[in-house]
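Scope of the values below: all heavy atoms of this structure, side chains included, with no hydrogens, waters or symmetry mates.
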Amino acid sequence: MHTYRPLEEENLHIYGRTSRQNPLPLFWTASGIEFETDASLVYLDLETDFDVYEQWIRVEVNGYSMIRMPLPKGRSKVSVFQGMQKDSRKRVRVYKEVQAMSADNRTRLLVHGVICDGKLYPLPKKSCRLEFVGDSITSGEGLAGNDAIHDWVSMLFSTKDNYAVQTAERLQADYRILSQSGWGAYSSWENDPLKAIPLYYEQVCGVLQGENNERLGAYEKNDFTAWNSDVTIVNLGCNDGSAFENPAWTDEKTGLTYRQKKNPDGTYEEASISRFQHAVYEFLRKIRRCNPNTYILWAYGMIGRPLQPFIETAINAYKKDFQDEKCKFLLLPDLKPEWMGANCHPGTPSHTAAADVLTKEIRRILSEEKVLCEC
């Protein structure tokens with residue numbers, strides 16, 4: 001039997017932003033490991049903890065989903081398969097199914113290693129690198145249930161059929177996902193301006209809290225030179241739109257109150273829209289500073305598109321001010337009633353429709369940019 005540890009074994013591919021330590025922390029949606037082996041049996045050596053939100057994983061063998069399960073607290077040895085032929089190679093992909101749970105300070109999922117009776121072999125090189133930045137849609141909320149379920153639990157998050165995962169796999173890309181349910185470009189759906197993804201973009205996983213996550217390296221500065229995306233896909237704005245329909249949020253620490261408002265006639269208040277557009281504009285600047293060569297694609301519209309003109313205006317202003325033509329707005333297919341998953345979120349048909357549009361556009365971009373990334 002052999003034990004292969006992340007960071008020590010070159011044929012063990014790591015997905016997702018993480019810190020360079022063993023055991024390896026998996027922070028974000030779809031983070032995980034992938035390897036090809038001739039083993040007859042494979043175990044995963046994992047460790048997890050949580051207070052409220054269970055850590056779920058999904059395991060594929062040769063592209064087929066074989067395991068989907070919650071992990072118990074503590075250290076676990078998970079059997080992937082046993083009794084398979086030693087003379088055949090199997091590709092194993094392990095996904096973290098749930099997003100970084102910012103409301104659970106104890107949440108963690110660590111990979112100690114892969115235990116098997118065979119060798120690991122080099123994986124095919126990836127065609128490019130894609131980074132997806134988003135909210136609950138990108139986290140796959142609702143993909144593991146039907147429209148009759150309305151519970152906010154770990155079980156309902158999934159990477160299977162997630163539009164980001166579908167897009168990346170169709171393009172044979174390496175990819176990373178940064179996403180948080182309820183968060184936006186300027187504020188959350190409940191008007192909390194501290195729950196804005198751009199504020200934490202430069203950290204490994206700054207959306208998490210607590211000393212445990214600090215020790216795991218969540219607050220470290222992300223090393224963009226080690227992994228720079230060819231295309232950065234931003235799918236934010238849904239929760240910013242919802243903020244206009246919800247009451248004000250008050251910061252208990254400062255006593256300050258925040259609210260995105262509409263005018264009495266139902267139009268958007270100018271000051272509120274200005275705040276939102278400034279957030280979009282500044283996030284584009286931050287992405288470009290961190291990823292000098294990436295193509296920025298702002299994709300929007302899977303659950304309504306009320307802020308579309310304001311996003312487009314902010315993008316055009318940024319492009320003009322910085323003469324940056326590697327930036328574009330892309331409208332995604334809106335949610336149909338028959339496409340609904342759990343928690344009033346997009347189900348598989350919606351994610352597939354979005355992946356169709358994104359794959360076509362990214363393929364065009366990569367062709368024009370003549371990208372061939374040795375990932």
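Between Gln99 and Ser181, the side chains place a donor N or O and an acceptor N or O closer than 3.5 Å (distance only, hydrogens not considered).
Residues passing the salt bridge (charged side-chain N to carboxylate O under 4.0 Å, His left out) test with Lys328, sequence neighbours excluded: Glu361. Residues that satisfy the ring-ring contact (aromatic ring centres under 6.0 Å, His included) test with Phe283, not counting sequence neighbours, are Tyr201. Residues forming a salt bridge (charged side-chain N to carboxylate O under 4.0 Å, His left out) with Glu8 (at least two apart in sequence, or on another chain): none. Annotation: ring-ring contact (aromatic ring centres under 6.0 Å, His included) contacts of Tyr268 (sequence neighbours excluded): Phe244, Phe310. For Arg215, there are no salt bridge (charged side-chain N to carboxylate O under 4.0 Å, His left out) partners two or more places apart in sequence or in a different chain. Every residue two or more places apart in sequence or in another chain that forms a side chain to side chain contact (heavy atoms under 4.5 Å, CB included) with Ala148 is listed here: Asn146. With sequence neighbours left out, the salt bridge (charged side-chain N to carboxylate O under 4.0 Å, His left out) criterion links Arg5 to no other residue. For Trp298, there are no ring-ring contact (aromatic ring centres under 6.0 Å, His included) partners two or more places apart in sequence or in a different chain.
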Quiz: residues 331-340 side-chain donor-acceptor pairs under 3.5 angstrom, not counting sequence neighbours:
{"unit_1": "Asp334", "atom_1": "OD1", "unit_2": "Gly304", "atom_2": "N", "d": "2.8"}

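For residues 14-24, every residue pair satisfying the side-chain hydrogen bond (donor to acceptor under 3.5 Å, both in side chains) rule, not counting sequence neighbours, is listed here: Tyr15-Glu34, Tyr15-Lys126, Arg17-Glu131, Ser19-Gln21. Applying the side-chain hydrogen bond (donor to acceptor under 3.5 Å, both in side chains) test to every pair with at least one member in residues 305-315, sequence neighbours left out, gives these pairs: Gln308-Glu312.
By the 4.5 Å side-chain criterion applied to Ile, Leu, Val, Met, Phe, Trp and Tyr, Val98 is assigned to a cluster that also includes Val52, Tyr53, Trp56, Met101, Ile149, Trp152, Val153, Met155, Leu156, Phe157.
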